[in-house]
*Asks:* 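After the structure tokens below, expect a handful of questions from me.
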Amino acid sequence: HDCWIAINGVVYDLTDFLQQHPEQRNAVLAWAGRDATPVWDKIPGRFPSSTWMSFYLRPEAKMGDVGAEPYVDPKQQLIRQLQRELRRLEGPSEEDVKAAKAGANRGGAAAAAASKSSEEARYPKLAELAEKRGELPFFSRAEVAKHAGPAGGPAGTEPYMILHNKVYDLTPLLGSHPGGDELLLTNAGKDATTEFELFEHSEKARVRRDQDMLVGELVPAERADYGAEAGADGAEVGGAKVDSG
């Protein structure tokens with residue numbers, strides 16, 4: 001896929017850049033298909049900034065100017081905003097929660113154990129950290145869904161995220177994430193494991209994440225086996241597959 005990003009009203013194609021500079025893949029891909037202007041020059045020398053552009057960007061990467069936005073009826077926009085806010089406040093429906101639990105239960109204890117250790121099996125230092133840490137509080141997916149922000153909001157709405165069946169408080173990362181706060185808060189209250197694994201995160205970064213942000217784990221009945229391959233008998237839970245046994 002091509003990697004196009006808008007910056008200050010101009011569209012750039014950074015596909016070739018990613019192939020030539022894979023070490024900067026995460027910072028660039030975090031804004032693929034989006035407008036990176038809100039974080040312009042926030043961190044001098046890093047993407048996107050004037051010093052970065054002058055050093056790395058070739059003239060042929062410029063594709064053209066951003067076109068005018070299509071007209072949106074303010075009333076319809078307000079209605080959609082209120083509908084999204086209502087869904088956020090309500091959280092998953094009872095039917096959604098039951099369906100997720102039923103799918104996870106079909107996986108049995110073996111699937112739950114596999115899902116809990118899948119990331120730790122790939123990164124031994126995470127497993128070492130888990131042994132030292134001991135037991136964590138349990139959260140249901142419905143409880144995490146209530147933690148969708150905004151940052152600095154009322155108690156009980158702090159932005160949480162599910163990654164590999166563990167629950168993280170995003171607050172310590174706000175203001176310093178390379179992809180910007182918008183990327184984090186868009187996934188607050190959700191299972192973002194699939195999106196997280198699209199980017200390269202080192203073992204060191206994962207350990208620091210667990211040290212600074214981990215607040216709990218999903219109840220066993222709602223855990224998913226992210227390492228399982230999709231199969232005809234699988235039930236999809238939070239973007240992952242749980243084997244129905």
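Starting from 1, each residue takes its place in the sequence as its number. Note that the coordinates shown come from a computational prediction; the quantities given were computed from them, not determined experimentally.
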*Asks:* Is any side-chain heavy atom of Leu173 less than 4.5 Å from a side-chain heavy atom of Met213?
*Replies:* yes
*Asks:* On a heavy-atom basis, which atom in Leu185 and which in Pro159 lie closest, and how many Å separate them?
*Replies:* CD2-CB, 3.9 Å
*Asks:* Please report the closest heavy-atom contact between Lys62 and Asp65, naming both atoms and the distance.
*Replies:* CE-OD1, 4.4 Å
*Asks:* Rounded to the nearest 0.5 Å, what's the gap from OG1 on Thr193 to CG on Leu163? Could you check?
*Replies:* 5.0 Å
*Asks:* Can you name the closest pair of heavy atoms from Asp41 and Pro44 and give their distance?
*Replies:* O-CD, 4.1 Å
*Asks:* Less than 4.5 Å apart, any side-chain heavy atom of Leu218 and any of Arg141?
*Replies:* yes
*Asks:* So which atom in Gly216 and which in Leu214 form the shortest heavy-atom distance, rounded to 0.1 Å?
*Replies:* O-CD1, 3.4 Å
*Asks:* Under a plain distance cut-off of 3.5 Å, with no hydrogens placed, do Tyr168 and Asp212 share a side-chain donor-acceptor pair?
*Replies:* no
*Asks:* Are Glu203 and Arg122 close enough for a salt bridge, meaning some N to O gap below 4.0 Å?
*Replies:* no
*Asks:* Do the side chains of Val207 and Tyr123 get nearer than 4.5 Å, heavy atoms only?
*Replies:* no
*Asks:* Does this structure show an ion pair linking Glu119 with Lys125, if we count only N-O contacts that are shorter than 4.0 Å?
*Replies:* no
*Asks:* Taking all heavy atoms of Lys42 and all of Pro38, pick out the closest pair and write down the distance.
*Replies:* NZ-O, 3.5 Å
*Asks:* Checking salt bridge (Lys or Arg N to Asp or Glu O under 4.0 Å) for the pair Lys190/Glu195: CA distance, chi angles, key distance, verdict?
*Replies:* CA-CA 11 Å; Lys190 304 175 184 177; Glu195 291 79 2; over 6 Å; no
*Asks:* Between CG of Leu129 and CZ of Arg208, what distance do you get to the nearest 0.5 Å?
*Replies:* 13.0 Å
*Asks:* Should Arg209 and Leu126 count as side-chain neighbours, where that means a heavy-atom distance under 4.5 Å?
*Replies:* yes
*Asks:* Quick check: does any side chain N or O of Asp13 sit under 3.5 Å from a backbone N or O of Thr15, one acting as donor and the other as acceptor?
*Replies:* yes
*Asks:* Are Leu136 and Tyr160 joined in one hydrophobic group, where the rule is that I, L, V, M, F, W and Y side chains link up if heavy atoms are under 4.5 Å apart?
*Replies:* no
*Asks:* Look at atom CZ of Arg133 and say whether more than 12 heavy atoms of other residues, nucleotides or ligands are closer to it than 6.0 Å.
*Replies:* yes
*Asks:* Any donor-acceptor pair under 3.5 Å linking the side-chain atoms of Gln24 with those of Tyr56?
*Replies:* yes
*Asks:* Hey, mind stepping through Glu158 and Lys146 against side chain to side chain contact (heavy atoms under 4.5 Å, CB included) and telling me if it holds?
*Replies:* CA-CA 9 Å; Glu158 302 89 347; Lys146 297 177 182 178; over 6 Å; no
*Asks:* Counting only heavy atoms not in Glu60, do more than 12 fall under 6.0 Å of its CD?
*Replies:* yes
*Asks:* If the threshold is 4.0 Å, N to carboxylate O, is there a salt bridge linking Arg223 and Glu217?
*Replies:* yes
*Asks:* Do Leu14 and Ile7 sit in the same hydrophobic cluster, where Ile, Leu, Val, Met, Phe, Trp and Tyr count as joined when their side-chain heavy atoms come under 4.5 Å apart?
*Replies:* yes
*Asks:* Give, for atom CG of Leu57 and atom OG of Ser50, the distance between the pair rounded to the nearest 0.5 Å.
*Replies:* 12.5 Å
*Asks:* Taking the side chain as C-beta and beyond, is there a heavy-atom pair between Phe138 and Glu143 under 4.5 Å?
*Replies:* no
*Asks:* If you measure from the Lys or Arg side-chain nitrogens to the Asp or Glu carboxylate oxygens, is any gap between Lys166 and Asp210 under 4.0 Å?
*Replies:* yes
*Asks:* Establish whether Val11 and Leu29 are linked, either directly or via other cluster members, by ILVMFWY side-chain heavy-atom contacts under 4.5 Å.
*Replies:* no
*Asks:* Show your reasoning for whether side chain to side chain contact (heavy atoms under 4.5 Å, CB included) applies to Phe139 and Val219.
*Replies:* CA-CA 6 Å; Phe139 290 83; Val219 294; over 6 Å; no
*Asks:* Is it true that Val28 and Trp40 fall in one hydrophobic cluster, defined by side-chain heavy atoms closer than 4.5 Å?
*Replies:* yes
*Asks:* Taking Leu174 as the starting point, is it possible to reach Phe196 by hopping between hydrophobic residues whose side chains are less than 4.5 Å apart?
*Replies:* yes
*Asks:* Heavy atoms only: give me the nearest Ala6-Val66 pair and the separation to one decimal.
*Replies:* CB-CG2, 3.8 Å
*Asks:* Does the ring center of Phe17 lie less than 6.0 Å from the ring center of Trp52?
*Replies:* yes
*Asks:* Could you walk me through whether Met161 and His147 pass the side chain to side chain contact (heavy atoms under 4.5 Å, CB included) check?
*Replies:* CA-CA 8 Å; Met161 179 186 290; His147 286 266; over 6 Å; no
*Asks:* Given the rule in the side chain to side chain contact (heavy atoms under 4.5 Å, CB included) test, do Leu183 and Trp31 qualify, once you have shown the distances and angles that lead to the verdict?
*Replies:* CA-CA 9 Å; Leu183 183 66; Trp31 291 96; over 6 Å; no
*Asks:* Passes side chain to side chain donor-acceptor pair (under 3.5 Å), Glu197 versus His164? Steps please.
*Replies:* CA-CA 10 Å; Glu197 292 300 344; His164 291 285; 2.7 Å; yes
